[in-house]
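Below is one structure, written out as structure tokens; comments come after it.
Chain A is the first sequence line, chain B the second, and so forth, proteins listed ahead of strands; every chain is numbered from 1.
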Number of protein chains: 2
Amino acid sequence: MGQDRDTRSGIANKRVTMAAVGRMAGVSQVTVSRALSDPSKVSADTLRRIREAIEATGFVPNAIAGALASNKSRLVTALIPSITNVVYSTFVRSFSEHMRSAGYQILLSETGFDPADEEALIAAHLSRRPDAMLLTGIQHSAQARRLLLGAGIPVVEVWDLTSSPIDLCVGFSHSDAGRAVAEFAHHKGYTQAATVTAADERAHRRRSAFAARFEALGGQRVARADIDGPARLGEGRTALRRLLDEKVFARGVIFCSSDLLAHGILIEAQIRGIRIPGDIAVIGFGDQDYAADVHPALTTVRVDRDALGQRAAEHLLARLENNDTPDPVTDLGFEVVQRDSC
Amino acid sequence: MGQDRDTRSGIANKRVTMAAVGRMAGVSQVTVSRALSDPSKVSADTLRRIREAIEATGFVPNAIAGALASNKSRLVTALIPSITNVVYSTFVRSFSEHMRSAGYQILLSETGFDPADEEALIAAHLSRRPDAMLLTGIQHSAQARRLLLGAGIPVVEVWDLTSSPIDLCVGFSHSDAGRAVAEFAHHKGYTQAATVTAADERAHRRRSAFAARFEALGGQRVARADIDGPARLGEGRTALRRLLDEKVFARGVIFCSSDLLAHGILIEAQIRGIRIPGDIAVIGFGDQDYAADVHPALTTVRVDRDALGQRAAEHLLARLENNDTPDPVTDLGFEVVQRDSC
DNA sequence: TTGTAGGCGTTATCAG
DNA sequence: CTGATAACGCCTACAA
């Protein structure tokens, strides 16, 4: 209670500095700094005394001061559309781990659905003077690009492809993915199709490419059910209901913008006694953890998120550490994974 | 290509400082600082010139220098077990949004499964001199506690309850939750039960409390299926299979440590023609987005993650901004949500 | 309303 | 191997 607070205040000893550690170890502040950054430059005995002093005082270096002095923050900021979307969070984990093992910490923020917010977020992140920055997607305001360029740090745009990245780009083509799915469906003999798409620009690009190719290959006009807001299981169920009730679609294949929506369709179909893939076939997107475990197992599009995070990290690190120039844009592709739902 | 890189290097103008902005606007650096932190302390005309200069130069304040000078980083760090687990990420989103609207940014890291890593992570985070820190859970090494105490910043531990928090604690009792589920099951007339539990200390505490209470209420010995590693849909399916095959359980209620596992059980049961809740009843944990949309709709335990994030933020802010002392520990409780699976 | 001076805790650069 | 000393870019007094 109050007691606790008092105790804490008492303990809130003024922060221990290198100078204090040095005093205790009988050396100057600079020597402490050296002992920490390159122990080999300090005599064994001094090193020992410094380590003891650090242990005794509970010294934790002040990275803020270090960053200011060295002009290196060892901080990398990342902007993703949503942290609760597993697609992005698994990718970010991979990215983080690779950056962390190179000594960088990640400052993560959600950009959400409003692209207008991104600019302010970028500025806020830039004020922390990150050594590099990761952005999701390739659509950024002119002012955002200016800020980024002005910062003079490596920037990697992920999850999409462009011929004119701000700096680096690692991703895959959403149009290609849509087309690949259309071709897959066509080869499986489907001539009727529908799409269920969440409110996401990249998802819509996949949908458009899918529909265009499917129709070009002789398929009938592709029905569509669009969702506003993020994908949820219930939205998948609703979408199937709408498609069926509005009689715009009765048989064929449904291409969803995410595995979650596809899963919703599986559930709704099961309840209605619609057989999958007998009556209706379903294709998801993302190849989530659970895609192989739902029933029937979901045919979907796999994007290697771990590889994506790794490559993004590697390219950034190449810029940061070595002085070599990685390829500005790298296409990691995707893969249609056939299972039972189509 | 190389061209791009050259361009970037060219543009990487040495960082614009407040002094530079001031020079351009015909005022001193301090005035620029004031114009930014409290525009009312600067004359309208000066303000205009400064704003023009900022616009023209693309100046972005250096939060590093600001933090060093003011001894306030406006940074709050958060440690969660996993970012890909929606339970934590939704909570963190709520926390982040509340902190952000108060002007704080969040530095997020995953602690993962190895509690030994936590200590190093805490130290790494502390080196950024956060103004406050959020920790998941109440189990921290003695050294970790020392570090935290020594930092002299507000700390909030979430997702659990303890009578001796490091500083603040906002959460709920996992034992209480387990017991509440046992009572719920008992009132529904079940006398046989099993648990499916992921490798998580808190989940196991819920399980123990559930089993103890269930048996105390006259139920038969509770069967168990434990999973090592994180919860996945497939693990839920496997668990049901194991429970059935090993003949340790055939009818009754299954309490899962997460909705995901429960969902796996639903799927496996459907495939095997086991009726839910006719033959077997299922109770999840977490009340995820999809819990109401699976079939049958999942009975589960709801934890108000948004409220949790909000309260954690509020209590931290109380320490940070006002000088009043929030209650050291606040129990936000939980709620058994009855739907169709039990 | 504006400016000057000093300092925040490091790292970089020279000396010794 | 160790130590002065000068930045780093801003904020907090205190003055004008």
Side-chain angles (χ1 to χ4, degrees), chain A residues 13-50 53-54 57-75 103 126-131 150-152, chain B residues 13-51 53-54 57-75 103 124 126-131 150-152:
Chain A
N13 44 5
K14 46 189 68 59
R15 195 129 288 69
V16 182
T17 66
M18 282 188 176
V21 171
R23 236 171 283 130
M24 177 174 267
V27 294
S28 79
Q29 172 267 130
V30 203
T31 305
V32 178
S33 173
R34 268 198 283 263
L36 257 23
S37 59
D38 186 356
S40 74
K41 305 185 105 179
V42 164
S43 81
D45 188 54
T46 308
L47 191 55
R48 186 184 47 70
R49 291 198 325 271
I50 290 178
I54 288 178
T57 53
F59 169 72
V60 175
N62 186 331
I64 301 240
L68 184 61
S70 66
N71 198 28
K72 285 174 189 310
S73 62
R74 308 242 76 174
L75 198 71
L126 248 22
S127 78
R128 301 275 172 195
R129 293 296 184 267
D131 290 341
Chain B
N13 42 7
K14 45 189 68 60
R15 194 126 292 69
V16 182
T17 66
M18 281 188 177
V21 171
R23 236 171 284 130
M24 178 175 266
V27 294
S28 79
Q29 173 267 127
V30 208
T31 305
V32 177
S33 171
R34 269 198 282 263
L36 255 26
S37 59
D38 185 357
S40 73
K41 304 183 105 180
V42 165
S43 80
D45 189 54
T46 308
L47 191 55
R48 185 183 47 70
R49 292 197 326 271
I50 290 178
R51 292 210 164 125
I54 288 178
T57 53
F59 169 71
V60 175
N62 185 330
I64 301 240
L68 184 61
S70 67
N71 198 29
K72 287 173 189 307
S73 62
R74 308 242 73 171
L75 197 71
L126 248 22
S127 78
R128 300 276 171 195
R129 294 295 186 266
D131 290 341

To the nearest angstrom, how far is [X] atom [atom1] from [N] atom [atom2]?
X	N	atom1	atom2	answer
B:Leu68	D:dT12	CG	P	12 Å
B:Lys41	C:dG3	NZ	C1'	14 Å
A:Phe59	C:dT10	CZ	P	5 Å
B:Asp38	C:dT2	CG	C1'	14 Å
A:Gln29	C:dT11	CD	P	8 Å
B:Met18	D:dG9	CE	C1'	8 Å
A:Ile64	D:dC11	CD1	P	13 Å
A:Leu36	C:dA12	CG	C1'	16 Å

Closer than 4.0 Å, any side-chain N/O of [X] to the OP1 or OP2 of [N]?
X	N	answer
B:Thr46	C:dT2	yes
B:Thr31	C:dG3	yes
A:Ser70	C:dT11	no
B:Ser28	C:dT4	no
A:Ser33	C:dT11	yes

Quick one: pull up [atom1] in [X] and [atom2] in [Y] and give me the separation to the nearest 0.5 Å.
X	Y	atom1	atom2	answer
B:Thr31	B:Leu36	OG1	CG	11.5 Å
A:Arg15	B:Arg129	CZ	CZ	5.0 Å
A:Arg34	A:Met18	CZ	CE	11.5 Å

*Look at B:Arg49 together with B:Asp45 and state whether they make a salt bridge at an N to O cut-off of under 4.0 Å.*
yes

*Could you pull out the closest heavy-atom pair between A:Ala35 and A:Ile50, with the gap in Å?*
CB-CD1, 3.7 Å

*So what does A:Val30 touch, heavy atoms closer than 4.0 Å: a base, only the sugar-phosphate, or nothing?*
base

*Base, sugar-phosphate, or nothing for B:Asn62, non-hydrogen atoms under 4.0 angstrom?*
sugar-phosphate

*Residue A:Thr17, side-chain atoms from C-beta onward, closest of D:dC11, C:dG9, C:dT1*: C:dG9

*Could one point to a donor on the side chain of A:Arg34 or the base of D:dG3 with an acceptor on the other under 3.5 Å away?*
yes

*5′-ward residue of the pair B:Val27/B:Ala65 relative to DNA chain C*: B:Val27

